[in-house]
Structures are given as structure tokens and as C-alpha cells.
Amino acid sequence: MLVGASAATAAEAMSGTGASTAPASAAASVSEPAYPTEFSLPDGFQPEGIAIGPGPAAYFGSRGTGAIYRADLRTGQGEIINPGPGTPSLGLKVDARGRLFVAGGTGGNARVIDTRSGEVLASYQLATGTSFVNDVVLTRDAAYFTDSANPVLYKLPFGRGGALPDEAVKVPLSGDIVYTTGNNANGIAPTPDHKALLVVQSNTGKLFRVNPSTGSATLVDIGTESLVNGDGLLLEGRILYVVQNRLNTVTSLYLDGDATSGKVVRKLVDGRFDVPTTIAAFRDRLYLPNARFTTTPTPTTSYNVVAIKRH
């Protein structure tokens, strides 16, 4: 019952309905747009990341061209706001200043884009040689990027008023995490106490608590459960959603306060899933882009986004 209450509280907080005392009949009379539960992205787009906000604006990155697409969740309609550099745009996060932080995949880079104009505000070459800059998380003080090919986090420390730095700082990963063949560190999120970071290792199915200052990684005890193919992460309260892409599953865990341990409480599946990669929340819904990794991409391959109810 505790888990259900936590999830419900989070949903109420995001929807702004938690404090409402209006009767159901009055609430139902308010005219609101019928948000679609599924909508299309441009043909051939090859989506990977998603970020939502402020408001009902969703952003998607192309792993093909690096283009950024903005959609209105009220209608599902959208447009390309940045054509991309020709290298991937993978994990995305947006801040309250309207800045979109973009993980650059095999380009080994990161970009910060103005969501209003589509202009590139800053670009960082994080790595040379083999790299796969996969995902990003924003904290009060910095942006952190994972690299699935190299055991390191890349940190963009914010200056006064959230000012972007001139260059990134490397934070080598150590401790319990050991890189092996395949995709290693992937999705990243804060811990519930906001004192550390959570990182999922796709190829081993393990979850780690990482000290953001030292890079020391400690295995999170989730019992015998595996998060193999773990991709995007979303933390809401003490519920961590893990997208297991090729399993077409979203696994939710209930974490203790400092995320040293967690318990799988639910596995969400949907017949519309076609290798979803990551996840973002708006009101009472979770939105996931279908990357369709098992489909050979062509310029006419169709892609979409699906929304499921929070549970």
C-alpha cells in the first residue's frame, strides 16, 4: 500500500490536483484538451531520447541525424527545431530555463539547445576515439552524462545563475561497476535523497549508486532481479522507473531513501511497445518513444510515441 500511495502522491503533485477539493462532477465539467495516448514522429526519425517541460512540450532526439523534434502533448503535432549535427542525439533533459541538454552518442559530445529558438547555446567535445555518450541527468549544480563505452561520467558544473561552463570535467567511475563487452553505463537519475546518482548498466542488468564527486559506484541491492537492457531511468519520489528496451518492459522499483537497496514492485507492458528506449512523465501519464531497434531503419520507416497511465 505504501508504494501505491507514493505513486499516487507523485501523480497528484505533477498534475496539480493533489490539493483540489472540487467534487468530481465539477472537475469533469472543466474543458481540457484530449491528450492523445499515441502520436507519430517524422518518418525515418529514429527516436531515442525524450524530455518534457516546461508545460506540455515534449522533445525528441534522432539517433540518425541528431535532429531535435518538439511536439505538443495536447495535439501530438510538432516540428523540427534543430536539424542536428549529423551525429546522434540520445538522452535528453530540459531545465526550467528552457535549455535542452543532449547526449551525443558516438559523436562523443554534448550540446545545450535553446528550446525556444532551437539555437545551440554550447557544445562540448567530451571524448575522442571510441565513445558512446548515452544519457544525461540534471542536478541543482551540474549536468552529468554517461558513456556506455568508457568508465567515466562527464560533468558540466553550473556557475552562478546556472551559467554553463567552458568545458566539461571527467569523473572516472570506480568501485563495484566493471565495464565489459556491450553497452555499459546507460540511464542515469538522482537518488531519492539527491545526494548521489543512480546508473543502470545495460549489459549486466545491475543498478549502481554513484558518488558524483568521486565516481565511486556501489551496487544497489535489488535481490535476484535483473535490469538487463536497462535504458532510460525516471525517478519520482522513491519510485524508479527503468525502461528495459528490448524486453518491451518498464520495471518500477521502490527504493530506500539513500538508494542502497530497492525492490521491484511492478513490471509494466503494453502491446504498443516496439523497443521503447526512455521515459518522461506529464500529469498522470508516462511517455515513451518507440526506437524500433529490431526494425531496419529507412527514410520511410514510421516511428511513434506511446503514453501509458502511471501505476
Side-chain angles (χ1 to χ4, degrees), residues 11 14-16 31-85 88-105 111-121 135-136 138 187 231-234 236 241 243 245 250 268 270 272-293 295 297-310:
M14 291 199 67
S15 65
S31 177
E32 292 188 351
Y35 288 69
T37 59
E38 182 177 340
F39 57 87
S40 296
L41 296 173
D43 287 350
F45 187 74
Q46 299 182 58
E48 177 88 7
I50 180 175
I52 296 178
Y59 301 89
F60 303 89
S62 167
R63 67 181 186 274
T65 66
I68 302 296
Y69 182 84
R70 179 176 58 209
D72 188 330
L73 295 179
R74 294 169 297 186
T75 64
Q77 300 299 307
E79 62 180 345
I80 299 289
I81 63 168
N82 184 284
S89 290
L90 303 184
L92 308 175
K93 289 295 185 296
V94 64
D95 70 8
R97 295 178 172 87
R99 301 182 301 188
L100 184 69
F101 293 75
V102 182
R111 291 175 292 141
V112 184
I113 293 173
D114 187 315
T115 58
R116 301 168 187 85
S117 66
E119 175 189 359
V120 177
L121 301 175
D135 206 357
V136 56
L138 303 181
D231 202 330
L233 304 182
L234 172 66
E236 295 203 308
Y241 295 96
V243 182
N245 53 34
V250 178
L268 307 175
D270 189 285
R272 299 169 298 161
F273 287 170
D274 192 352
V275 195
T277 42
T278 190
I279 186 170
F282 184 75
R283 295 191 174 180
D284 63 344
R285 292 181 180 175
L286 303 172
Y287 289 82
L288 302 96
N290 278 320
R292 307 193 70 189
F293 287 158
T295 300
T298 73
T300 59
T301 301
S302 61
Y303 293 96
N304 69 348
V305 182
V306 298
I308 60 175
K309 287 283 189 179
R310 279 199 186 94

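Any value given below was found using the heavy atoms of this structure, including those in side chains, with hydrogens, waters and symmetry copies removed.
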| Taking every non-hydrogen atom, the tightest pair across Leu90 and Arg63 | CD2-CB, 3.7 Å
| request: State which residues pass side-chain hydrogen bond (donor to acceptor under 3.5 Å, both in side chains) with Thr298; sequence neighbours excluded, sorted by chain then number. | output: Thr300, Thr301
| Rounded distance (nearest 0.5 Å) linking atom CG of Leu286 with atom CG of Asp270 | 11.0 Å
| Taking atom CZ of Phe101 and atom CD1 of Ile113, what is their separation to the nearest 0.5 Å? | 11.0 Å
| query | Can you name the side-chain contact (heavy atoms from CB on, under 4.5 Å) partners of Thr37, sequence neighbours left out? | reply | Arg272, Arg285
| field | CG on Leu121 to CZ on Arg97, rounded to 0.5 Å | value | 12.0 Å
| task | Using salt bridge (Lys or Arg N to Asp or Glu O under 4.0 Å) as the criterion, list what pairs up with Asp43, not counting sequence neighbours. | result | none
| field | Heavy-atom closest contact (Tyr303 atom, Ala291 atom, distance) | value | CE2-O, 3.5 Å
| message | I want to check something: taking the side chain as every heavy atom from C-beta on, are Arg292 and Ser302 in contact at a cut-off of under 4.5 Å? | response | yes
| Pro56: side-chain contact (heavy atoms from CB on, under 4.5 Å) partners, not counting sequence neighbours | Tyr35, Asp72, Leu73, Arg74, Phe282
| remark: Ile81 and Thr115 have their tightest heavy-atom pair at CD1-O, 3.9 Å
| message | Testing the basics here: between Ile80 and Ala67, what is the closest heavy-atom pair and its distance to 0.1 Å? | response | CD1-CB, 4.1 Å
| What heavy-atom pair brings Thr277 and Asn245 nearest, and what distance separates the two atoms? | CA-CB, 4.4 Å
| note | Contacts of Thr278 meeting side-chain contact (heavy atoms from CB on, under 4.5 Å) (sequence neighbours excluded), chain-then-number -> Ile50, Pro289
| Inter-residue atom distance Ile279.CD1 - Glu236.CD, 0.5 Å rounding | 8.0 Å
| remark: Between Gly76 and Pro36, the two heavy atoms sitting closest are N-CG, 3.9 Å
| Below 4.5 Å, heavy atoms only, C-beta onward: do Tyr69 and Pro47 meet side chain to side chain? | no
| request: Just jot down the side-chain hydrogen bond (donor to acceptor under 3.5 Å, both in side chains) partners of Glu79, sequence neighbours excluded, or say none. | output: Arg70
| note | dist Tyr241:OH -> Leu233:CG (nearest 0.5 Å) comes out at 13.0 Å
| task | Kindly indicate whether the side chain of Glu38, heavy atoms from C-beta on, has any atom under 4.5 Å from the side chain of Val306. | result | yes
| request: Take Leu92 and Ile68 through the side chain to side chain contact (heavy atoms under 4.5 Å, CB included) test and state the conclusion after the steps. | output: CA-CA 10 Å; Leu92 308 175; Ile68 302 296; 4.3 Å; yes
| query | Could you go step by step and tell me if Arg111 and Asn82 meet the side chain to side chain contact (heavy atoms under 4.5 Å, CB included) rule? | reply | CA-CA 11 Å; Arg111 291 175 292 141; Asn82 184 284; 3.6 Å; yes
| query | Can you say whether the rings of Phe39 and Phe60 are parallel (under 30°), tilted (30 to 60°) or perpendicular (over 60°)? | reply | perpendicular
